[in-house]
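Encoded as structure tokens, the structure appears first; notes follow it.
All values below come from the heavy atoms of this structure, side chains included, with hydrogens, waters and symmetry mates left out.
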Protein chains: 2
Amino acid sequence: MPCPTHRRRTGRTGRPRSTEANRAILDATRAALVELGWGKLTMSDVAARAKVAKTTLYRRWAGKSELVVDAVADLFDEHLELPDRGSLHADVEGVVLQFAALLERPETKTALMAVVAESTRDEALRDRIRSAIVERQKRLVLLGRERAQARGELPYDSDPSVAASQADLIFDLIAGTVVHRALVSAEPVDAEWAATFSTLVVSGVQATLGATTAANGATTANASPPAPAATDPPRDPAAAPPG
Amino acid sequence: MPCPTHRRRTGRTGRPRSTEANRAILDATRAALVELGWGKLTMSDVAARAKVAKTTLYRRWAGKSELVVDAVADLFDEHLELPDRGSLHADVEGVVLQFAALLERPETKTALMAVVAESTRDEALRDRIRSAIVERQKRLVLLGRERAQARGELPYDSDPSVAASQADLIFDLIAGTVVHRALVSAEPVDAEWAATFSTLVVSGVQATLGATTAANGATTANASPPAPAATDPPRDPAAAPPG
DNA sequence: CTCTTTCGCTACGAGTCGTAGCGTAACTGT
DNA sequence: ACAGTTACGCTACGACTCGTAGCGAAAGAG
């Protein structure tokens, strides 16, 4: 056949799933989200746009929600990173503006809340959102914390479990507040708001540090090589869902 | 005679809509949300539960989204208030726990995100959410601010527009973060978390007050905040750790 | 008593869902 | 080359939901 495309090597026998179709489906899903929104998006429509059979969709994804999660997860990986701007405040500000820009896209705007709403009744879907979006983007918080610690803006962690819960708090704080302003209050996340909010975040986080780790000599942590963790987990776009 | 100035005295002529049916429908909607969730809730099912005709539903609400907004708005009015606990921190803590308890209910859990998702493509629905839920609950923030000002924990507003934007920020901050932790991260909003978060909120808000009203020769707050120094200039990468 | 509006009920076309069945295409191991 | 295995496109299907239309009856307003 005139299509000697590179297929991923797998131990499984039989005809492998077309990676081209996978990409075409996710692209079609995003396009359909832009045009139709979550409510009017149908599996048949996505199949027609991607020029695949409707049954192929159901062989790879359990339903609309799972498909859309994968479609928007790509956008998160592509458009969110942590620019190193020299201070915790500036780093927070940068990621807030990036996240706001992502939330202004019609695809993410209409899809994110919908899949989260579905996930409240579907534990498997919630796990998929966690692994595909939440946990992947929480690396920004962990990286930002490490940089702030290296600069001396935050104390090094005495207890790793405390570090994890603080990272969770910061993540909920930034993501939740920006989402709420952008989608519920429906007011713009502009540079001025981002600056004010970042000031709030930095001051608030430092305040909670003083409260929870009061016993530690927090100021000017003794420099210890923080063992720069690799920050780039290889993307796995060919992670075929169970069919 | 139809006097044009007194047209709306008792309403229009003809048979009035049954208020009992209205209540039965909203109760049935909440019950259906508990049992079925947003996705599987249908208008026919609600009509059957409320023992009214399906056409009656469509005579009063444009669709599923509008109906559910009204159904959950009642819960917000009923279960959210601002207890006066003597300090801004305690007030925030109280409202956070109330909001978290409300979000643990199956009705609100599955409905809130869904209607917000729909509202991203339906401006009329977004206005309905604003007037029925958002603006009604924003009074808690305004009231809490007034109490904090009376206690000396926050300075009085020099500019009412600044006060409004600060109230919006606090509202997005609390509601957004709690929603994100409860529904996205799916982790419990317990007393410990609420205490830590409230500390963050109070310190953060005080920090933004200093930053945004710095230009104004504003009346500095009579009560000096307890300890955590605001150490971060908004636009300057000069990073000075607390100490 | 008349006028107006809402009520319950039935029925309908249109659309979506998720699955089953079939024959074919593509790749793997011997 | 061959058999084995899996994915693909296509068609068709029953079940379900949607939102509306039409009807006669009921309930208040003037």
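Listed by chain and residue number, nothing satisfies the side-chain contact (heavy atoms from CB on, under 4.5 Å) test with B:Ser131 (two or more places apart in sequence, or in another chain). Listed by chain and residue number, B:Thr55, B:Thr56 satisfy the side-chain contact (heavy atoms from CB on, under 4.5 Å) test with B:Ala53 (two or more places apart in sequence, or in another chain). Not counting sequence neighbours, B:Arg15 has no partner by the salt bridge (charged side-chain N to carboxylate O under 4.0 Å, His left out) test. With sequence neighbours excluded, the residues forming a salt bridge (charged side-chain N to carboxylate O under 4.0 Å, His left out) with A:Asp84 are A:Arg147, A:Arg151, listed by chain and number. When the side-chain contact (heavy atoms from CB on, under 4.5 Å) test is applied to A:Val72, the partners found at least two apart in sequence or on another chain are A:Leu33, A:Val68, A:Ala111, A:Ile133. For the side-chain contact (heavy atoms from CB on, under 4.5 Å) test, residues two or more places apart in sequence or in another chain that qualify with A:Glu187 are A:Arg181, A:Ser185, B:Arg130, B:Asp168.
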Residues 36-47 of chain B side chain polar contacts: donor-acceptor under 3.5 Å, at least two apart:
| residue | atom | partner | partner atom | Å |
| --- | --- | --- | --- | --- |
| B:Thr42 | OG1 | B:Asp45 | N | 3.1 |
| B:Asp45 | OD2 | B:Arg49 | NE | 2.5 |
| B:Asp45 | OD2 | B:Arg49 | NH2 | 3.4 |

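Shortest non-hydrogen contact noted between A:Ser65 and A:Leu125 is CB-CD2, 3.6 Å.
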**OP:** Do nucleotides 7-19 of chain C as a string where each nucleotide becomes B, S or -: B if the base has a protein heavy atom under 4.0 Å, S if just the sugar-phosphate does, - if no protein is that close.
**Re:** BBB------SSBB
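Residue pairs meeting the salt bridge (Lys or Arg N to Asp or Glu O under 4.0 Å) criterion with at least one member in residues 66-80 of chain B, sequence neighbours excluded: B:Arg30-B:Asp74, B:Asp70-B:Arg128, B:Asp77-B:Arg136. Each side chain to side chain donor-acceptor pair (under 3.5 Å) pair with one or both residues in residues 114-123 of chain A, not counting sequence neighbours, would appear here, but there are none.
End-to-end axis angle of the helix from C:dC1-D:dG30 to C:dT30-D:dA1, from C1' rotation axes over five pairs per end: 30° (rounded to 10 degrees).
Rounded to whole Å, atom P of D:dT17 lies 15 Å from atom CH2 of B:Trp38. At whole-Å resolution of the value, CD in B:Glu20 and P in D:dA26 are 17 Å apart.
Contact check of residues 109-120 of chain A against DNA chain D (heavy atom, cut-off under 4.0 Å) returns no residues at all.
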